[in-house]
Each structure stands twice: as C-alpha cells, then as structure tokens.
Amino acid sequence: MVRRMTETTPGTAGSPIGEGSGSTGDAHEALRRARDLLLELREDYDAARRRFRWPDPAEFNWVRDWFDHLAADADRGTRVALWVVDPARPQDDVRLTFAELAHRSRQVAHWLSGLGVQRGDRVLVMLDNQVELWETLLACMRLGAAVIPAAIQLSSADLRDRIERGAARFVVARSEDTPKFTDHLGGWTPIAVGPGVVGWHDYAGSLSAPPLVDVAWTEGEHTLLLYFTSGTTARPKLVEHTHASYPIGHLSTMFWIGLRPGDVHLNVASPGWAKHAWSTIFAPWNAEATVVAVRSGRLDARALLTTMARCRVTSFCALPTVWRMLAEADLEAWRDRIVVRELVGAGERLPQAVAERVARAWGVPVREGFGQTETTAQIGTTPGQPAVPGSMGRALPGYEVAVLDPATGRELPDGLQGELCLRLAPQDADGTPLGRPLGLMTGYRNDESRTAQTMYDGFYHTGDIVRRDPDGHLWHIGRADELFRAQQAQVAPFEIETALIAHPAVAEVAVVPSPGGVAGGDGVVPKAFVTLAEGWPPTEQTARDILRSASGSVAASQRVTRIEFGALPKTLAGKIRRVTLREQEARRRVEFSGAQGPSEFWFTDLDDESGGAGPVGG
C-alpha cells in the first residue's frame, strides 16, 4: 500500500506508551513469511523475484514485532545477538544474547522516558561500535522516538547542522566527544556515555532502571531514522526512513548478502552512516544472525583477519578501501583459518583486480551490490548466481528498475547508458500492482523541492548512470553530476579510474575535469588525482608510466594527460569527495592562469621516451 508518512510533532505528547502496545501477531507473521521465503529461495534468483512481496503492516514496531519475539524464544533468545570486539584487546570482548540485549534496551528505554523522551521526539546518537549504541537504538524504537545517527568523526559545525536541521531534542554522545557540543548547548537534553561530564546526564544511570514492559504504538509509516547523506558531491541531504522502510526493507539486503540463521556477520562500517544500519542491525538480525562489530581505531589487515578467524565470521561486508587493504596481505596464509562463506562489497565499485585477488586466495567470490542512503539494497549479485566481471548485479526482489534517458525520461533499450530509476508503482507480469518499493525513503525531510526532483513521473531517480545487458545485469558508469564532456564526448570518470588503478603504483584515484582544454584552450580535459601505493616515487616517470598503461584501455577522448599525486579528500564515510577536487581544480586553473601548477605533471605525448618506473628500492 502507498501511504504518506504522518508523525507526532517533535516535542509534543503522543499516544501513551501503553496504547496499542501489545504485540501485533499479524505483523510478525507477515515479516516472518516474507523472510522465510527469501531464505528458502536464497540461491534461486528468478523464483525469489517472482514470488516475493513486501509485507507492509499498517501498525508496526520492529522491536515489538520482531526483535522481542527472538528474545522471548527459548532457543533463539540464548543465541549471541551482538559481539563487540577490540582487535587489540580481545579480553575486552562484549557478547550479549538476544534476551540480554532486549532486557538492557528495556532498562534504557525506561530511563530515557524518565528524562522526557517520548514518541515523536528526535534523538541524535553519536556513539562508537559499543554496546550502548545498540541499546540506545532499540530503546528509542521502544519509545517511538526517531533517531538521528551521527558519526563520531563529525565536527562541531557538522553537529550544529544536524541538531538544527534534524530538530534534535536529545543527544546521546561519548563523554570524550562532549566538547564538540559546547558552543551550541541549549534546547536539547545532553546524555553522556562514559566518565561523568558536568551538565550532562550520566548514561550509567540506566543500569539501575527497571525494564520498560510496554512498547510505543507506531505505524509503519511513522518516522524512525533521519540520515544525513555523506555529501560526496553536494551538501548532505536529510533522508527520512520509517519504522517499515529500513527494518523491513532490509530484507533485500539480507537476500543480497546471503545471510542465514546462526551466521556470524562482520560489517566494517562506522556508526552514523546508513551502511551501518544496513549490515550491522537490520539485515543480520532479520536473518537471526550474530552481529560482530569492531571498535573504531586503526584497523590493519592482520587485525581484521585475526578477528575474522577468531570470531569464525561466516559473512563479511566492507567498502573498497578495506578490500584493497586486505588484497595487499598474504590472504593465502589465512585460507584454512577463515571460514567465511559470503563476501560482499558496497559503497563504491570494487576494482576487478582486487576482487580477483581475494577470490583466488579464498575460493569465494566478492559479490557487489548497490543501494543508497535513500534505499535498502536495490541491485546485487546474489548467492548462487555467477558474478559478471564489472557488473554490480541485477535488481533485487522488491525492486523494479528502469534505465531512462535523462533528457527525455523515456526508457532506453539494453546496452545504452541512462539513469537508474525505481518504479514507484510496479506491476507483475499479469498486471497486478506490486506497491511502492518498501525500502525507499519517504523523502528528504523539510525539502519538498528536492524530493520532487527525485520522485516524479512514476519513478524514483537515483542520479546514477548505468547500462543494462539483456540478462538484466547492470554496470555502474558514474553519478550523473560527475560525468562531463571533453573533446565533444561524454567522459565517465569511473571507466578511466578503472583503467588507472590497474597499475600497481595506484592505491586510489579520482578523475575530474580540468579547465583549459588542450594547449590551454577552451573546454576541459580529464585529470587524475592519484594516491600512490607504498614505495612508489611521485616522479615524472611514475606519472608517465601510469598514464601510458591506461591509455590503451579507454577511448581517445578519455585519455588522461594530467596527473597529480597526493592524498584524496574523503567524506567522513570514507568515500572520495570528488566535488572538492573539481572545485580545487577550477580554482587552480584561475590561480595559474591556465598554466601547469608546481605539483602537477602534464604530457602532450606519453610515448616520447622509453623506460619504466618501479617502487623505491624495487
């Protein structure tokens, strides 16, 4: 069914906690039936696509209608739900069963209600991978409060923006991070986790609180999560998800990862970003799997591999930056100690060379997937399906995709590049309405204009350019706002980046337009910003070798003749911030009057000298 979200105004009293708080058995059974179908068909992609339908209960609270059922079950309740590890101090591991975590979240809910948290309130939560994070999230769901997740790396200015735009009335933060809030105290209630902080409520008070038995009455369409996007190309957007869209919507993510009851799942992601909720809360717990979470800090390949072996991780998800780090390790030496069955990557496209390196070492393919903060997993290569090199997979159950011409809005035939869009009112082969994809956001909070720019004419427009083959496999070309034209041809930065990163000297790369064109003329040419692998010198010869190695893999209009070495700017979520590089490059061309800058290498003929570069000491 399609409904517009209704919500209690933040700061006003909603329904009493006890009203309608009894378990809605129908909602639980509907979720379990849909979940069990995907488990049954986990390796039968076509049947899963054909038979799956989103459960969409009008009344729904995931804690009451799912998590507490697991906790109350004599068998499931005693299974480990959460395992928080510190690779440097394994003796400090914390493990909680579903029953234990349910009890602690009831205590925290009772304590928070005593501080004034009620249904419809906004609670900004800025914690590390620590038990208190999951306790607080579950407690807020029990109270019907909406959560604004925030990464611990955020600055004071970032937090001011989130508190103001998110209309937060409560803040839960680590004691060590409380100084970031000093300049904008007031208008909200501060809660500190850790050593006592003057003027902040001490989270430790929740330990002596009695458990809250009732769960707030919530509809599936009530607001649960307000996520700020990572802001790779623009100011972060405020994405609104409901009690249904992420908790139930992540059935698609569970299916993509291939999670099963009893699995031990490790997702390397920082709290505060949507990917953390994807694979460290909803997808694994919908599958009745154990969540392994690694505390923040410097995580090297050996520490991560040791954790995977010690915890006997069966499924693993990470960003390409983590996969690249692992690919440089001696993975073969760990093959008999790693019992992992499912490997997936998301966030950005994974270099094919890295995927092949891992598959050779462990005999398990790294399957790719695609989604956004605005959605759950939309696209993916699922268990039992062959991974097509370079493809991010096919549409997942519950999502119907189309490739549209950005200029005309018309659907494009297979093989042509266009914008990836989701049908808002899909139908099955018999013409039966399937309903709006449940994992899609309600919209951008307090920004009807931006919402209208992404949802119109029966489609949600992702802003991503793709092409599709006749079998439904999709290839990601790039974000629409990252493409540019050079020499009268469209340039897709990722295609160039894929060619460049194949060179062993390239650890990371981003390609952006460089104003000035050929010989300082009008127009633009592609320029590569490269972070070198360890041991490679930032010399002209290294630059020449990198560019020359890629020139045969791309069209003439996409050949790079400008390069600059250095660290790449990143979002707090770890994604390359290309908008910063584009703006920086535009300023530099003005600063140097279109001429070459001191830290750049420009070439007019990559083949005018022979020889090659190698690592220092190599």
Side-chain angles (χ1 to χ4, degrees), residues 1-10 14-38 52-70 118-123 137-148 214-227 239-254 274 277-278 281-283 285-286 371 373-378 397-399 422 424-426 433-445 451 455 460:
M1 68 184 68
V2 180
R3 298 188 303 269
R4 173 62 193 175
M5 183 280 305
T6 58
E7 178 192 38
T8 303
T9 303
S15 305
I17 289 292
E19 181 179 330
S21 62
S23 176
T24 52
D26 290 347
H28 171 76
E29 288 305 319
L31 176 52
R32 180 165 290 280
R33 283 194 299 271
R35 194 285 304 258
D36 288 351
L37 176 71
L38 293 180
F52 177 77
R53 299 292 182 271
W54 291 112
D56 191 11
E59 229 181 274
F60 187 75
N61 185 297
W62 185 77
V63 168
R64 177 195 62 209
D65 297 319
W66 187 257
F67 192 88
D68 282 354
H69 281 260
L70 301 181
Q118 57 189 0
R119 185 165 69 90
D121 280 338
R122 312 282 180 75
V123 183
L137 294 175
L138 293 172
C140 286
M141 289 187 224
R142 293 185 183 281
L143 295 172
V147 176
I148 305 171
D214 292 330
V215 177
W217 173 83
T218 54
E219 293 186 8
E221 61 185 13
H222 284 171
T223 305
L224 172 62
L225 290 161
L226 291 165
Y227 269 107
V239 175
E240 181 175 13
H241 278 287
T242 69
H243 278 268
S245 65
Y246 253 29
I248 300 178
H250 277 299
L251 287 175
S252 70
T253 309
M254 180 198 78
W278 278 42
I281 304 174
F282 298 118
W285 282 347
N286 279 341
T373 302
E374 291 87 341
T375 70
T376 59
Q378 308 169 23
Y399 286 100
L422 304 179
L424 295 178
L434 298 177
R436 186 179 190 270
L438 191 65
L440 176 61
M441 66 174 180
T442 296
Y444 298 114
R445 187 69 184 179
T451 300
M455 297 187 197
Y460 163 70

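Values in this document were obtained by computation on a predicted structure and should not be read as measured data. Values below: every heavy atom of this structure, side chains too, minus hydrogens, waters and symmetry copies.
Rounded to the nearest 0.5 angstrom, Thr253 OG1 and Asn286 CG are separated by 9.0 Å. Rounding to the nearest 0.5 Å gives a distance of 8.0 Å between CD of Glu221 and OG1 of Thr242. If you take CE on Met441 and CE on Met455, they are separated by 4.0 Å, rounding to the nearest 0.5 Å. Rounding to the nearest 0.5 Å gives a distance of 12.5 Å between CG of Asp26 and CG of Leu31. The distance from atom CG of Asp214 to atom CZ of Arg64, rounded to the nearest 0.5 Å, is 10.5 Å.
Looking at Asn61, its side chain does come within 3.5 Å of a backbone N or O of Met141 through a donor-acceptor pair. Formation of a donor-acceptor pair under 3.5 Å by the Asp36 side chain with backbone atoms of Arg33 is not found in this model. Of the possible polar contacts, none joining the His243 side chain to the Glu219 backbone as a donor-acceptor pair under 3.5 Å is found. Put simply, the side chain of Ser252 gets close to the backbone of Ala377: a donor and an acceptor are under 3.5 Å apart.
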Pair Ile248, Phe60 - check side chain to side chain contact (heavy atoms under 4.5 Å, CB included), show working.
CA-CA 10 Å; Ile248 300 178; Phe60 187 75; 3.7 Å; yes
Do Ile281 and Tyr246 pass the side chain to side chain contact (heavy atoms under 4.5 Å, CB included) test, and can you show the C-alpha distance, the side-chain angles, and the key distance before you say yes or no?
CA-CA 10 Å; Ile281 304 174; Tyr246 253 29; over 6 Å; no
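Residues Arg445 and Arg122 come closest through the heavy atom pair NH2-NH2, 3.2 Å. The nearest pair of heavy atoms linking Tyr227 to Ala277 is OH-CB, 3.1 Å. Between Thr373 and His241 the shortest heavy-atom distance is O-NE2, 2.8 Å. Across all their heavy atoms, Phe52 and Ala34 have their closest contact at CE1-CB, 3.9 Å. Trp54 and Pro437 make their closest contact through NE1-CA, 3.8 Å (heavy atoms, listed as atom of the first residue, atom of the second, distance). Taking every heavy atom of both residues into account, Cys140 and Val147 meet most closely at CB-CG2, 3.6 Å.
Side-chain polar atoms of Thr442 and Glu240 form no donor-acceptor pair below 3.5 angstrom.
Leu424 has its side chain within reach of Leu440: a pair of non-hydrogen atoms, C-beta onward, lies under 4.5 Å apart. Counting heavy atoms from C-beta outward, Asp68 and His28 have side chains that stay 4.5 Å or more apart. By the 4.5 Å heavy-atom criterion applied to side chains, Tyr444 and Glu374 are counted as neighbours. Contact check for Arg35 versus Trp66: side-chain heavy atoms found under the 4.5 Å cut-off. Counting only heavy atoms from C-beta outward, the side chains of Thr375 and Tyr460 approach each other to under 4.5 Å.
Classification of the His222-Trp217 ring pair by plane angle, with boundaries at 30° and 60°, yields perpendicular. Using cut-offs of 30° and 60° on the angle between ring planes, the pair Trp62 and Trp285 is parallel.
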